[in-house]
Amino acid sequence: MSRPSLAAPRCRPLHFEEQLTDVRGIPLHSFGPVGEGGVPIVLVHGLVVSNRYWRPLALELSCYGQVEAVDLPGFGRSARPSLTFSISDFARYLSEWLDARRIVRCHLIAHSMGAQVAAHVALQSPSRLFSLTLIGPTIDRAAPRWWEQGIRLLRGLARENVSMLRIVLGDFFRAGLPHTLGTVRRMFADSITEQVGGIETPTLVLRGERDPIAPMRWVEDLARLMPAAQAQVIPGGSHCVHYSHPKETAAAIHHWMRATAL
């Protein structure tokens, strides 16, 4: 299959288009900046948060392709399933959402817990992806216990700006404590290191310099486990580096997309 070209930056769209797509009876919400189309770029959020925190990066990336940011089942404006989903369940619904949206192949970008979901998709359906970007991936195998990650989370939240914290708080109340805790248990039951060794998709493992959840050692270790991966850091960035430093994050991702298209 030939790769769509990654053209020079276009003018930014003026607004976002919202979508609800039914996947096996669960309506999944997504948005995309309205533009001129191009290579599909799909964004997958992390734990608790919704696709709202992708908007700064989506605007930057819309210069290079057709961006869509999806809310996983039970988060954001997507409907909540009756049972708590495992990471592999989220991956299956994400793949079926891609089918429903008629996205045959894309650049997949995922953050935090979303990186675990994206790793399953990349392993199970490599032909779907041009490239993969994992931002602040969880869970560092040097700190596998929930309380260790909890401490890192609190440190990370203290480094986010106020508008990002408002998004986290609002999305947490929307998701609800029972659903969040159930998803946390499923997240800790999944090991991204068991997936990445078999991922052949060119992968950028990205972190913010000030991210305590995904330290540089972990990001470099994860990249070394993968056949075609590179680790990179955004200076000054937080765990949600795509929100705190969208221009720099978009530039790094676009450079990676262009490199993998050669």
Side-chain angles (χ1 to χ4, degrees), residues 1-7 19 21 23 28 30-32 37-46 51 54 57-58 60-73 87-138 190-207 214 219 222-232 242 249-262:
M1 180 186 296
S2 62
R3 294 172 179 263
S5 62
L6 291 163
Q19 300 280 349
T21 305
V23 177
L28 299 186
S30 62
F31 77 82
V39 57
I41 302 171
V42 173
L43 311 178
V44 183
H45 63 81
N51 59 21
W54 284 120
L57 182 66
E60 298 295 334
L61 289 176
S62 67
C63 295
Y64 309 113
Q66 184 58 45
V67 182
E68 290 209 42
V70 61
D71 282 332
L72 294 172
I87 297 298
S88 59
D89 289 333
F90 283 128
R92 185 169 64 254
Y93 271 74
L94 176 58
S95 292
E96 293 187 18
W97 174 83
L98 291 171
D99 289 336
R101 297 292 296 147
R102 299 182 181 179
I103 300 174
V104 177
R105 203 172 184 194
C106 67
H107 294 280
L108 186 60
I109 301 167
H111 175 248
S112 200
M113 184 196 76
Q116 295 177 240
V117 176
H120 280 267
V121 174
L123 183 63
Q124 296 164 8
S125 305
S127 62
R128 302 204 77 126
L129 307 183
F130 293 118
S131 74
L132 177 65
T133 299
L134 307 177
I135 304 174
T138 51
D190 179 83
S191 173
I192 194 171
T193 56
E194 294 178 4
Q195 315 301 322
V196 296
I199 295 175
E200 298 181 357
T201 302
T203 303
L204 178 64
V205 189
L206 193 63
R207 70 177 291 267
V219 165
L222 201 59
R224 277 193 289 267
L225 291 173
M226 307 177 76
Q230 175 181 305
Q232 188 171 339
H242 56 281
T249 303
I253 293 171
H254 181 240
H255 178 78
W256 183 251
M257 291 191 300
R258 286 184 63 87
T260 60
L262 298 177

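Numbers for residues simply follow the sequence, beginning at 1. All values derive from a computational prediction rather than experimental measurement.
With rounding to the nearest 0.5 Å, the separation of CD in Gln116 from CD in Glu194 is 11.0 Å. Here the NE2-CD1 distance, from His45 to Ile109, works out to 14.5 Å after rounding to the nearest 0.5 Å. Atom OG1 of Thr249 is separated from atom CD1 of Ile135 by 6.0 Å, given to the nearest 0.5 angstrom. Taking NE2 of His107 as the reference point, atom OH of Tyr64 lies at 12.5 Å (rounded to 0.5 Å). Atom CD of Gln232 is separated from atom CZ of Arg207 by 12.0 Å, given to the nearest 0.5 angstrom. For the atom pair OG of Ser191 and CD1 of Ile87, the computed distance is 11.5 Å after rounding to the nearest 0.5 Å.
Under the 4.5 Å side-chain criterion, counting only non-hydrogen atoms from C-beta, Arg128 is in contact with Asp99.
For the pairing with Leu94, the side-chain contact (heavy atoms from CB on, under 4.5 Å) check across Val117, Asp89, Leu28 returns one residue only, Val117.
Pairing each heavy atom of Ile103 with each of Pro40, the nearest pair is CG2-CB, 3.8 Å. Here the closest non-hydrogen pair linking Phe31 and Ala58 is CE1-CB, 3.9 Å. What you find for Pro227 and Ile199 is that their closest heavy atoms are CD-O, 3.0 Å. Taking each heavy atom of Ala214 and Val219 in turn, the nearest pair found is O-CG2, 3.9 Å. The heavy-atom pair separating Val42 from Trp97 by the smallest distance is CG1-CZ3, 3.8 Å.
A side-chain donor-acceptor contact under 3.5 Å links Thr260 to the backbone of Met257.
Taking the six-membered ring where the residue is Trp, Trp54 and His242 present tilted rings, their angle falling between 30° and 60°.
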